[in-house]
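Scroll down for the structure; my scribbles are underneath it.
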Amino acid sequence: MLDSRSQNTIADEHGGGDQTVLIDIEDLSVEFPVGSGALFSRNRAVVHAVDDVSLTIYKGECLGLVGESGSGKTTLGRAILRLQKATRGRVRYEGEAMDEMGGRDLRNLRRKMQIIFQDPYSSLDPRMSAGAIIGEGMSIHKLAPDRATYSRRVAELLEMVGLNAEMARRFPHEFSGGQRQRIGIARALAVEPDFIVCDEPVSALDVSIQAQILSLLTNLQFELGLTYLFVAHDLSVVRHISDRVAVMYLGRIVEVAPSADLYRNPLHPYTYALISGIPVPDPRIEAQRERVVLGGEPANPADPPTGCHFHPRCPFATEQCVVEKPELREIDSSRLVSCHRAEELTLEGV
Ligand code: SF4
């Protein structure tokens, strides 16, 4: 497996952003006990939601994190923010181990790291006005010295996300889904973060609104110098917003690559299957494309397959895949892949 320094070199040459490491994730695992076995039994089943993940996020980049529902991507995003306790491993923010921080350092870091939630309908408190929702973090972190500064800043934030300052007095039920997501974005921006986990921020919205929100997020990233971890189940959503994309399957990262390379030339059969499901706008090309339909049942995360977790569904699996776990390894200077056969397969992108 590559250490962080090796990953550093890879993205220095080909990744997005200014190539300074912001977040370094090292061997991170998150496990959940499941089932009805005795609470303290040693044999109690465990779901490995995040399984020994190492990943680097560079300052100013948008790293897409993609996988099917249940792949662990949301849990990984929450573990980075410490909204979910990790079972093992470590996250460093600007070189500082987050699990060793406490008191004022941790409070300050919590301000710098924010999240935009998936569901704009349930993530806003219906009893609070839009202005109070946006301003709450500013009050907690004492970012506005007086009432006038507070109101001015709330108005600025509303306009920054494409809403009107007068909307501060309205309540969530008076807004559409897209407008509510804009309020969620303004709430995250209010505390002047450096890093935002965008947790499927458009998947609950109509397609026409999705494009507007993605464009807003891209513009804000550029204007404010933000770093994003953009979590999505749909590869087409992260295609244009991400500098690099990491693909997750059953708790493990299976491929990391610059966005354009990943779509054009996927190296992992699971990435290939996801890409083959993206529709192409040209009907002639679309009619000739080969679709990969994954065989087998999605695996049970409490009882994952041996060797390569993907082997029961992989059309290219061999005996080696059944018994031996493929490490995430460097294929060229910009790409990581976890597949025994990556060099010999020729997989077609879009
Ligand atoms: Fe398929 Fe084997 Fe590669 Fe896993 S290691 S993706 S089973 S070819």
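In what follows, residues are counted from 1 in the order of the sequence shown.
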Please test Thr306 against His311 for side-chain contact (heavy atoms from CB on, under 4.5 Å), starting from the C-alpha separation and ending with a verdict.
-> CA-CA 8 Å; Thr306 55; His311 84 254; 3.6 Å; yes
Phe32 vs Thr75 side-chain heavy atoms within contact, under 4.5 Å = yes
Minimum heavy-atom distance between Gly77 and Leu229, given as atom pair plus value = CA-CD2, 4.1 Å
Measure the spacing between CG of Leu336 and CD of Glu255 and express it to the nearest 0.5 Å.
-> 9.0 Å
Drop me the distance from Leu83's CG to Arg78's CZ, to the nearest 0.5 angstrom.
-> 5.0 Å
How about Ile183 and Ile134: do any of their side-chain heavy atoms sit closer than 4.5 Å?
-> yes
Step through the shown structure and confirm whether more than 12 heavy atoms of other residues, nucleotides or ligands are within 6.0 Å of CD on Glu344.
-> yes
Taking Thr227 for the side chain and Phe195 for the main chain, is one N or O donor matched with an acceptor at less than 3.5 Å?
-> no
Less than 4.0 Å between a side-chain N and a carboxylate O, is that true for Glu136 and Arg187?
-> no
Electrostatic pair Glu96:Lys112 at N-O distance under 4.0 angstrom | no
Would you check if the side chain of Arg88 reaches a backbone N or O of Asp52 as a donor-acceptor pair within less than 3.5 Å?
-> no
Between Leu216 and the options Thr218, Leu220, Leu214, Asn219, the side-chain contact (heavy atoms from CB on, under 4.5 Å) test singles out Leu220
For Pro201 and Leu217 the tightest heavy-atom approach is CG-CD1, 4.1 Å
Under 3.5 Å donor-acceptor, Thr149 side chain and Pro145 backbone | no
Exercise: do Ser203 and Gln118 side chains pair donor with acceptor under 3.5 Å | yes
Determine whether Arg252 and His48 make a side-chain contact, defined as any pair of heavy atoms from C-beta on separated by less than 4.5 Å.
-> no
Is there a chain of hydrophobic side chains (I, L, V, M, F, W, Y, each step under 4.5 Å between heavy atoms) that links Leu250 to Leu274?
-> yes
Checking Tyr249 side chain against Phe310 main chain: does a donor-acceptor pair fall under 3.5 Å?
-> no
Pair Asp234, Ser236: side-chain N/O donor-acceptor within cut-off below 3.5 Å | yes
Would a distance-only check, ignoring hydrogens and angles, find a side-chain to backbone donor-acceptor pair under 3.5 Å from Ser123 to Phe117?
-> no
Could you grab the distance from atom CG of Leu235 to atom OG of Ser259, nearest 0.5 Å is fine?
-> 8.5 Å
Considering all heavy atoms, the nearest Gly60-Gln221 contact | O-NE2, 3.2 Å
To the nearest 0.5 angstrom, please state how far the CD atom of Glu61 sits from the CG atom of Leu226.
-> 13.0 Å
So do the side chains of Met113 and Ile23 get within less than 4.5 Å of each other, counting heavy atoms only?
-> yes
Following the transitive rule for hydrophobic clusters with a side-chain heavy-atom cut-off under 4.5 Å over Ile, Leu, Val, Met, Phe, Trp and Tyr, establish whether Ile116 and Met160 coincide in one cluster.
-> yes
Can you name the closest pair of heavy atoms from Ala86 and Val30 and give their distance?
-> CA-CG2, 4.1 Å
Answer yes or no: is there a donor N or O on one side and an acceptor on the other, between the side chain of Asn164 and the main chain of Met167, under 3.5 Å?
-> no
Close side-chain approach of Arg169 and Ser129, heavy atoms under 4.5 Å = no
Starting at CG of Leu55, measure out to CG of Asp27 and round the result to the nearest 0.5 Å.
-> 12.0 Å
Residue pair Gly72 / Val50: nearest heavy atoms and the distance that separates them = O-CG2, 3.8 Å
Is there a side-chain contact between Arg341 and Gln320 (heavy atoms, below 4.5 Å)?
-> no
Among the clusters formed by ILVMFWY side chains lying less than 4.5 Å apart, do Leu262 and Val66 turn up in the same one?
-> yes
Could you go step by step and tell me if Ile185 and Ile213 meet the side-chain contact (heavy atoms from CB on, under 4.5 Å) rule?
-> CA-CA 9 Å; Ile185 294 169; Ile213 298 295; 4.1 Å; yes
CD1/Ile57 to CZ/Arg244 distance, rounded to the nearest 0.5 angstrom?
-> 8.0 Å
Full working for side-chain contact (heavy atoms from CB on, under 4.5 Å) between Leu65 and Ile253 | CA-CA 9 Å; Leu65 181 63; Ile253 301 289; 4.0 Å; yes
Hey, does the side chain of Glu192 reach the backbone of Leu189 with a donor-acceptor pair shorter than 3.5 angstrom?
-> no
Hey, any chance Ile209 and Leu158 share a hydrophobic cluster, counting ILVMFWY side chains that come within less than 4.5 Å of each other, even indirectly?
-> yes
List the steps, then state whether side-chain contact (heavy atoms from CB on, under 4.5 Å) holds for Arg153 with Leu143.
-> CA-CA 10 Å; Arg153 180 79 180 127; Leu143 295 178; over 6 Å; no
Look only at the side chain of His268 and the backbone of Tyr270, and say whether a donor-acceptor pair between them is shorter than 3.5 Å.
-> yes
So if you build clusters from Ile, Leu, Val, Met, Phe, Trp, Tyr with side-chain heavy-atom gaps below 4.5 Å, do Val256 and Ile331 land together?
-> no
Is there a donor-acceptor pair closer than 3.5 Å between any side-chain N or O of Arg82 and the backbone N or O of Met98?
-> yes
Does His309 reach the side chain of Asp51, with side-chain heavy atoms less than 4.5 Å apart?
-> yes
Closest non-hydrogen atom pair, Glu159 against Ala165 = OE2-CB, 3.6 Å
Output yes when a side-chain donor or acceptor of Arg90 lies under 3.5 Å from a complementary backbone atom of Asp99, and no otherwise.
-> no
Measure the shortest side-chain to side-chain distance between Tyr272 and Leu345 over non-hydrogen atoms and say whether it is less than 4.5 angstrom.
-> no
